[in-house]
Amino acid sequence: MAHGEHKYHVEVRWTGNRGSGTSGYGAYGRDHVIRADGKPDIPGSSDPAFRGDAARWNPEDLLVASASACHKLWYLHLCADAGIVVVDYADAAEGTMKESDGTGRFTGIVLRPRVAIRQGCDPAEAQRLHHVAHAKCYIANSVDFPIACEPTIVVADS
């Protein structure tokens, strides 16, 4: 693995000008497109509670997804190194944001990965590796709110 500084470049382009720009709070759309070279565009908006489009990704969705994906990637890496064969992984992650006075902040994310491992692998070790993955996760190490992990380990049918 490469060490040192890593930079990430994205473009967020607002596409919600309905003809009069931000002439009023209700006059503009919250839609935008998130782009990075060589990757598919992500259609974005704000949360519907903030006049956004529910069919598009909002920043809050993306933050929860980032925490979940980072944990999963570390977990799979650690399992591969430990000889734990994961055959399925699905996380039902949930983030909580509190809003007051027009300002919001996340108060926590709970990851609920359901992991299926191959018969003959150690479920206790598979469980323990979630703690290691959490400690290594770049996203979890970058936020100032708790990210909890409540994994379920099952042994896959052969």
request  = Report yes if the side chains of F106 and V64 come closer than 4.5 Å at any heavy-atom pair, otherwise no.
outcome  = yes

key: Heavy-atom pair of closest approach, residues A156 and V87   = CB-CG2, 3.6 Å

request  = Side-chain contact test, heavy atoms from C-beta onward, threshold under 4.5 Å: evaluate it for I117 versus P123 and give yes or no.
outcome  = yes

query = Which ILVMFWY residues are connected to L62, directly or by a chain of links, through side-chain heavy atoms under 4.5 Å apart?
reply = V12, I34, I42, W57

inquiry  = So that I can tick it off, tell me whether R128 and D122 are bridged by a salt bridge, with the cut-off set at under 4.0 angstrom between side-chain N and carboxylate O.
reply    = no

Working for side chain to side chain contact (heavy atoms under 4.5 Å, CB included), residues V10 and K39 = CA-CA 10 Å; V10 299; K39 299 176 184 180; over 6 Å; no

Heavy-atom check, side chain of E125 versus side chain of I84, under 4.5 Å = yes

message = Quick check for you: to the nearest 0.5 Å, what is the distance between L129 atom CG and I153 atom CD1?
response = 8.5 Å

ask   = Got a second to check how far Y28's OH is from S23's OG, nearest 0.5 Å?
value = 10.0 Å

Heavy-atom check, side chain of V86 versus side chain of Y75, under 4.5 Å = yes

Any side-chain heavy-atom pair of F145 and T107 under 4.5 Å = no

ask   = Between P151 and Q127, which heavy-atom pair has the shortest distance, and what is it?
value = CG-NE2, 3.5 Å

message = So does T103 get a backbone contact from the side chain of D101, meaning a donor-acceptor N/O pair under 3.5 Å?
response = no

Hphob cluster co-occupancy, Y89 + V155, side-chain heavy atoms under 4.5 angstrom = yes

request  = State, yes or no, whether a side-chain contact exists between H71 and H130 at a heavy-atom distance under 4.5 Å.
outcome  = yes

request  = Identify the heavy atoms of D91 and P113 that sit nearest to each other, and give their distance.
outcome  = OD1-N, 3.3 Å

Candidate list T15, D53, D31, test side-chain hydrogen bond (donor to acceptor under 3.5 Å, both in side chains), partner S45, passing option = D31

note = Heavy atoms of R30 and F50 approach each other most closely as NE-O, 3.7 Å

ask   = Of all heavy-atom pairs between I109 and G95, which one has the smallest distance, and what is that distance?
value = CG1-CA, 4.0 Å

key: Pairwise distance CG(L63) to CE(M97) - rounded to 0.5 angstrom   = 10.5 Å

task = Over 60° means perpendicular and under 30° means parallel, so classify the ring planes of H77 and W74, tilted if in between.
result = parallel

task = Identify the residue among N141, I139, L111 that makes a side chain to side chain contact (heavy atoms under 4.5 Å, CB included) with C70.
result = I139

message = Using modelled atom types and a 3.5 Å cut-off, is there a donor and acceptor pairing between side-chain atoms of R114 and backbone atoms of D88?
response = no

remark   = Test salt bridge (charged side-chain N to carboxylate O under 4.0 Å, His left out), reference D41, set R56, R13, R35, output is R35

Least distance between heavy atoms, S68 atom then A93 atom = CB-CB, 4.0 Å

task = Inspect the surroundings of CG in D37 and state if more than 12 heavy atoms from other residues, nucleotides or ligands are less than 6.0 Å away.
result = no

